[in-house]
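First comes the structure, then the notes that go with it.
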Amino acid sequence: MLARLTLLLLVLYALPWHLWPGLLVGAGLFWLLWRSHYRDSFLWFASLPGLYHFWGTSLQTPTLAGAFGDWGLTTVGLLLLGASASAAARQERGAVLWLVPLVALRLDGIALALLVLAHAIYTLERERVRSGEVGRPLGWNRTALLAAVGLLGLLALALVALPVRIALEMGSNPSPSAPVQPGPRVPESGSRPPGQPRPRISPAEPTPFSRFAERASQALLPIILGLMALILSLVGLSALRTPPSKLRPRGFHLVPLVAATFFWVMLLAWLGAHQQTDLTGAAPLPLPGLSPSTPEGEAGPLPPPIRRGVDWVYAVSLGLALLVTALLLVAVALLRRLREGSQGIGVSAARGRGELPAEPPSSRIRRAYQRFLRQMEQRGFPRTTFESPREYATRLGKLNPRALGELRELTELYEPVRYGGSSDETRAERAEALAEALPAVFSQAQEGRA
Amino acid sequence: MIRNWYQKLSANVEQVIVGKHQEVKAVVATLLSGGHVLLEDVPGTGKTTLARALAKSLGLDFRRVQFTPDLLPSDLTGVYVYLQGAFEFRPGPLFTGLLLADELNRATPKTQSALLEAMQEHQVTLEGKTHPLPRPFLVIATQNPIEQEGTYRLPEAQLDRFTTRIKLGYPQGEDEREMLRRMRQRSPLETLEPVTSAAEVLEAQQLVRQVRVDANLEDYLLALVATTRQAEGVILGASPRAALALERFAQALAALEGRDYLIPDDLKTATLPVLAHRLILSYEARLEGQSAERVLADILSRVPVPVETPLRGEA
């Protein structure tokens, strides 16, 4: 828990303060997801908390691109936080390293110190859990001792490096929380004055493409957005009706729902912007090349229509890119599943993610069963010390007869590993899926009884 | 392999014995563990029929001895007779594959103890000469727990030689009806054919010894046995021989289920039939209505089973 808090602190420090509400909401959402059977589905939900940046943006103002930038940063921050926390839950050695790209955004001593601190706390927590499993005191664990010594050394190094700050430009809008430069900066010749937005390169005249996009967006865009939102919502809702024990552990079935949310938000944003345009001025604004009010060669603010056309092309392109990415991920997942089915040999999830070193299947199954026991304990169904796995499964099966088959399956996957010393690669994935899905079934049963 | 073998065997035996799956399984597991069975129940519950059906199905030689107070040890072991100027050994009924010792507690302690060497070491020593018994060798002894007049209580040393004590009990309602129907024309025992051989039994016994026992399960087994020695109301707990029998019998149960490794449930299932007849309760405990079965059930509900501890530090 402490390690996760340190990870969150590092993310908050690395990103500008005006992104913090989205990051905190996202962290809360992840916490809720970790307590459910949608454990690793943060991949799909990471894009949602940052959507609030679009609130109040107008097509006639330059804030849309800024909102997309903030939304992207929030999403990337949450994705890296989720990946790091998820790797920490699997007790991977380099879980904290997922946050290195964020530290690179704000490379200073404090960020480095926080990174080292998070890694050290995580390593100590990991070693404590492992020591507990083998019944050995933590003090005698060589890795833990090395981690403690390394923590002190690296913290000292980071604090020495504290005065050296490297400020990086993070976009057109400088962050209020960006580090202050120690010395006065001399503006370069020809550079813009500080505080003024970077001038955007735009064509002097609207291109045929931007004109087409301008017109097409008026009619086709809401229809496409609405249809996509509707279809994806139906697909997503139908996936929710599947029994939890049959669901994929990584939450792939939630992709349509997340994509549908994205399209709904885009549609609402369009409707809001359209209404605002109608209220403020129904007549289309003049094109920039034809505007008599702007003198030629003057570098003033860009006229709204060009920005509007460019922004919509930008928005549609980004939306399509996201959709294509989501579909590609689904396709990869399906292909992987098909390959597993055709070859009859499951691919280790750890290997698939390129993690090093790969955890042996027997260890994965035992860890999955441990997680299952923990989750059931949290839901008020602990195993008593004198119960064997079969007796425990039978007792739980009496409480929820629908889950009896899956409970027996999980027990039969666990027993040969625990007592028979076998190590079957094909069974680890199934055991992990069952261990994650079954507690949720009992949570529902408990609520039903209440 | 053993699972298929057992399914074939039990199907054959259950043509005669109706609705006693667990009891048949326990007897077969005792045979595979190289031990002997004490069947304890009231008359007429099918003890002899079970022994005969098993002997026929296994294709073993079968002898039945009705134990009475005037039965002599030589009536079991055999005698030397003088024939044509030399002593010749005439083997007794012990020299068989499956011996049914009916109402064992009616014989005198001297005759009962004649079985000790045969059951433990699978051999008989007479006149300083050792005669090995055929293998496999299984003793199924019966005793009536109700009728105590004219009986001699089996000594602890004798009881300890029996791997398991099994109670058959009365059949359930529908099972008894089915038994009536099957026996109406003629007994299926008459037409029962062997489905296996002595060689296959010996091979299965070897496979049972290879069933894996996890180190934590060894600890669990030893904890169960040790707790019987300290349990309240118990004068005599389980012996080291009992620990050996418990492990071997549990291995046999695992093998019959088609597993090559032991699980805690095997030990739990084995505890009652293997240990109950070995515990001797104090007089006060018996007066209070305590029984060996209750003591063991209490022990099973107190000794922790080796399973994973829930993973801490996870949300």
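Lettering follows sequence order; numbering is per chain, from 1.
Proximity to chain B (any heavy atom under 4.5 Å) is shown, for A:E391, by both the backbone and the side chain. Contact of B:L262 with chain A is made through the backbone alone, with heavy-atom distances under 4.5 Å. Looking at A:Y392, there are no atoms closer than 4.5 Å to chain B (heavy atoms on both sides), in backbone or side chain.
Comparing B:N216, B:D260, B:V303 by heavy-atom pairs within less than 4.5 Å of chain A, the highest count is held by B:N216. Counting heavy-atom pairs under 4.5 Å between each of B:D265, B:L300, B:D214 and chain A puts B:D265 at the top.
Note on B:R302 versus B:E232: no salt bridge recorded, every NZ/NE/NH1/NH2 to OD/OE distance being 4.0 Å or above.
Annotation: A:R408, atom CZ; neighbour count of heavy atoms from other residues, nucleotides and ligands within 6.0 Å does not exceed 12. Crowding of A:R395 atom CZ: a count of heavy atoms from other residues, nucleotides or ligands under 6.0 Å exceeding 12. Heavy atoms of other residues, nucleotides or ligands lying less than 6.0 angstrom from NE2 of B:H36 number more than 12.
Side-chain atoms of A:L9 and A:L114, non-hydrogen and from C-beta on, do get closer than 4.5 Å to each other.
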